[in-house]
Amino acid sequence: MKTLNVDLGERTYPIHIGHGLIDSTLLRSAIKGRQLLLVTNETVAALYLDRVLSNLTMFEVATVILPDGEDHKNIETLDMIFSEALTQRFSRNVTMVALGGGVVGDIVGFAAATYQRGTDFLQIPTTLLSQVDSSVGGKTGVNHRLGKNMIGAFHQPIAVFNDIDVLETLPAREMSAGIAEVIKYGLLGDVAFLSWIEDHLDELMGKECSALSKAIEHSCKIKAEIVARDERESGVRALLNLGHTFGHAIEAHLGYRGCLHGEAVGTGMVLAARVSGIMGLLSESDVTRTVSICQRANLPVRPPKGMTPNDFLEHMAVDKKNIDGRLRLVLMRSLGEAYIEDQAPMAILDDVFQACCH
Ligand code: NAD
Ligand code: GLY
C-alpha cells in the first residue's frame with residue numbers, strides 16, 4: 001500500500017492506494033466518532049455495500065442508497081441524506097462516508113460540508129475517475145439545472161481510500177472516462193507522464209494492476225501538490241480544469257445524460273489543444289498527439305452531433321472560472337504546460353467550433 005498526504009496544515013489528510021482497503025482495519029481506524037452515515041448508490045450498493053458494512057459493525061451506522069447517475073446530482077437527492085441524518089438524530093460528530101464514484105463523492109461531501117455546519121467525511125472512491133481526481137481536493141457540490149456544480153462548498157475529507165480491487169467491476173466505458181483525467185494530468189503539467197501513459201495505455205485499459213497503481217499514485221500526487229498550493233482555486237488550481245470549460249458545456253447541453261463527465265473532458269482537452277494550436281502555442285504534431293491519445297482511450301474527440309458553436313458559448317458563459325463576465329480558458333503553452341488564458345481568443349474559438357461541430 002502507498003500513502004500520500006494532502007498537506008493542508010491541521011486539515012492534512014492521507015490518500016491510501018492499495019488492495020483490499022475496503023476490508024481493512026485502517027478504514028475503521030480512520031473514523032473518530034461512533035455515528036456513521038454511509039452513502040452509496042444502487043449500483044455500488046449491490047456490489048460492495050455488504051462488505052463495507054461488515055467492516056464497520058462497531059459503529060452506529062445508517063445507510064442511504066441514492067439513485068445512480070449524474071442527472072441525480074442535485075438538491076433533491078442531497079435532501080435524502082439530510083433527511084436520513086435528521087431521522088437518525090445524528091449529531092455533528094457523525095462521519096459521512098461516500099462509497100461510490102464522483103457523483104456520490106461530490107454530493108456526500110457537500111452534505112458533510114453543510115449538515116449542522118459541517119461534519120467529517122471520508123471518501124471510498126470506486127471509479128478510476130474518482131480515485132485519480134474527484135475524491136481528492138475537497139471540491140463538493142451538486143448541479144443546478146442552469147449549470148454544472150454550481151451549488152457547492154470546499155470541504156476536505158478526513159481520508160481517501162483508493163482500493164484498486166473495486167475497479168474490477170468497473171465497465172470499460174467508465175475506465176476510459178477515468179483515463180481522460182489521467183491524461184489531463186500529463187497534458188497540464190507532466191509531459192514525461194504523458195509519454196508513460198501513451199506507452200502503458202493498453203495495460204491501463206486492461207486494468208493491469210501495476211500500471212493502474214502507478215497511474216493513480218502519480219495522478220493523486222500531482223493533484224495533492226496543486227491543492228496544497230492553492231486549496232480554493234485562486235490561481236494554479238484552475239489548471240486542473242483543462243478541458244473542463246468545453247466539457248461542462250457539452251454536459252450541460254446534453255442535460256447530463258448520454259455523455260460521461262470524463263468523455264466530455266476528453267473532447268474538451270482536444271478542443272483546448274486545437275485552440276492552443278491555432279494560437280501558435282502547440283505544433284500540429286502536438287495537437288495530433290493529443291487527439292490520438294484520446295482516441296486510443298476510446299474518448300470522443302468531437303462534440304456531440306447537433307451541438308452548435310452558439311451552444312458552446314452560451315454554456316461557457318456560466319463557467320466558474322469566468323471573472324466579471326469575462327471568459328477564461330485553460331490552454332496549453334506546450335504539452336505538459338497548461339496556463340490560464342484571460343483574453344479568450346473569440347475568433348479562434350469560433351473557428352475551432354465551426355471546424356469541429358457537426
Ligand atoms: P459516477 O459517480 O457517475 O460513476 C460512474 C458509474 O460507475 C455510475 O453508474 C456508478 O454507479 C458506477 N460505478 C461506480 N463504481 C463502480 C464499480 N466499482 N463497479 C461498477 N460500477 C461502478 O461518475 P464518475 O466518473 O466517478 O464521477 C463523475 C462526477 O465527478 C461528475 O459529477 C464530476 O463533476 C465529478 N468530479 C468532481 C471533481 C471534484 O474535484 N470534486 C473532479 C472531477 C469530477
Ligand atoms: N477537478 C478540478 C479540481 O479539483 O480542482
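All ligand and atom numbering here is 1-based and tracks the order in the structure.
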Under 4.0 Å from any heavy atom of [X], which atoms of ligand 1 are there?
X: Thr43; result: 11 (O)
X: Asp133; result: 42 (C), 43 (C)
X: Asn41; result: 10 (C), 11 (O)
X: Lys148; result: 31 (C), 32 (O), 33 (C), 34 (O)
X: Asp68; result: 8 (C), 9 (O), 10 (C), 11 (O)
X: Leu47; result: 19 (N), 20 (C)

Run Glu233 and Asn241 through side-chain hydrogen bond (donor to acceptor under 3.5 Å, both in side chains) and show every step you take. CA-CA 10 Å; Glu233 198 168 307; Asn241 292 317; 3.2 Å; yes
Evaluate the criterion side-chain hydrogen bond (donor to acceptor under 3.5 Å, both in side chains) for residue pair Glu341 and Tyr339; output intermediate values, then yes/no. CA-CA 6 Å; Glu341 176 58 67; Tyr339 78 102; 2.8 Å; yes
Would you indicate which of [options] comes nearest to [atom] when only heavy atoms are counted?
atom: atom 22 (C) of ligand 1; options: Leu170, Val132, Leu128; value: Leu170
atom: atom 28 (C) of ligand 1; options: Leu129, Asn149, Ile107; value: Leu129
atom: atom 19 (N) of ligand 1; options: Thr140, Thr169, Asp71; value: Thr169

Between [X] and ligand 1, is there a nitrogen or oxygen pair with a distance under 3.5 Å?
X: Val103; answer: yes
X: Glu181; answer: no
X: Gly100; answer: no
X: Gly102; answer: yes
X: Tyr48; answer: no
X: Thr127; answer: yes
X: Glu70; answer: yes

Yes or no: does Glu42 have any heavy atom under 4.0 Å from an atom of ligand 1? no
Lys223 near ligand 1 by a heavy-atom separation under 4.0 Å: yes
[X] side chain to [Y] backbone, donor-acceptor under 3.5 Å:
X: Ser276; Y: Met332; answer: yes
X: Gln35; Y: Thr95; answer: no
X: Gln123; Y: Val160; answer: no

Can you tell me the protein heavy atom closest to [atom] and the distance?
atom: atom 5 (C) of ligand 1; answer: Glu174 OE1, 3.3 Å
atom: atom 1 (N) of ligand 2; answer: Asp133 OD1, 3.4 Å
atom: atom 36 (N) of ligand 1; answer: Ser134 CB, 3.6 Å
atom: atom 4 (O) of ligand 2; answer: Lys223 NZ, 2.6 Å
atom: atom 15 (N) of ligand 1; answer: Thr126 OG1, 2.7 Å

Within 4.0 Å of some non-hydrogen atom of Asn241, the atoms of ligand 2 are 2 (C)
Strictly under 6.0 Å, is that where the ring centroids of His155 and Phe121 end up? yes
contact_flag Glu181 ligand 2 heavy-atom lt 4.0 Å: no
Salt bridge check: are [X] and [Y] linked by an N-O gap of less than 4.0 Å?
X: Lys184; Y: Glu181; value: yes
X: Arg257; Y: Glu251; value: no
X: Asp106; Y: Lys139; value: no
X: Arg296; Y: Glu198; value: no

Do you reckon Val330 sits in the same ILVMFWY cluster as Leu271, going by side-chain contacts under 4.5 Å, direct or chained? no
Are any of the side-chain heavy atoms of [X] and [Y] separated by less than 4.5 Å?
X: Val182; Y: Phe193; value: yes
X: Val301; Y: Thr267; value: no
X: Asp350; Y: Met346; value: no

Hey, is Val227 touching ligand 2 through its side chain, its backbone, both or neither, going by heavy atoms under 4.0 Å? neither
Is it the side chain (CB and beyond), the backbone, both or neither of [X] that lies under 4.0 Å from ligand 1, heavy atoms counted?
X: Lys73; answer: side chain
X: Asp106; answer: side chain
X: Lys139; answer: both

Any nitrogen or oxygen of Arg237, main chain or side chain, under 3.5 Å from a nitrogen or oxygen of ligand 2? yes
When His261 is tested against each of Asp133, Leu129, Ile250 for side chain to side chain contact (heavy atoms under 4.5 Å, CB included), which residue passes? Leu129
Just grab all the salt bridge (Lys or Arg N to Asp or Glu O under 4.0 Å) pairs involving residues 40-51, residues at least two apart or on different chains. Asp23-Arg51
Is it true that the side chains of Arg173 and Asn298 contain a donor and an acceptor less than 3.5 Å apart? no
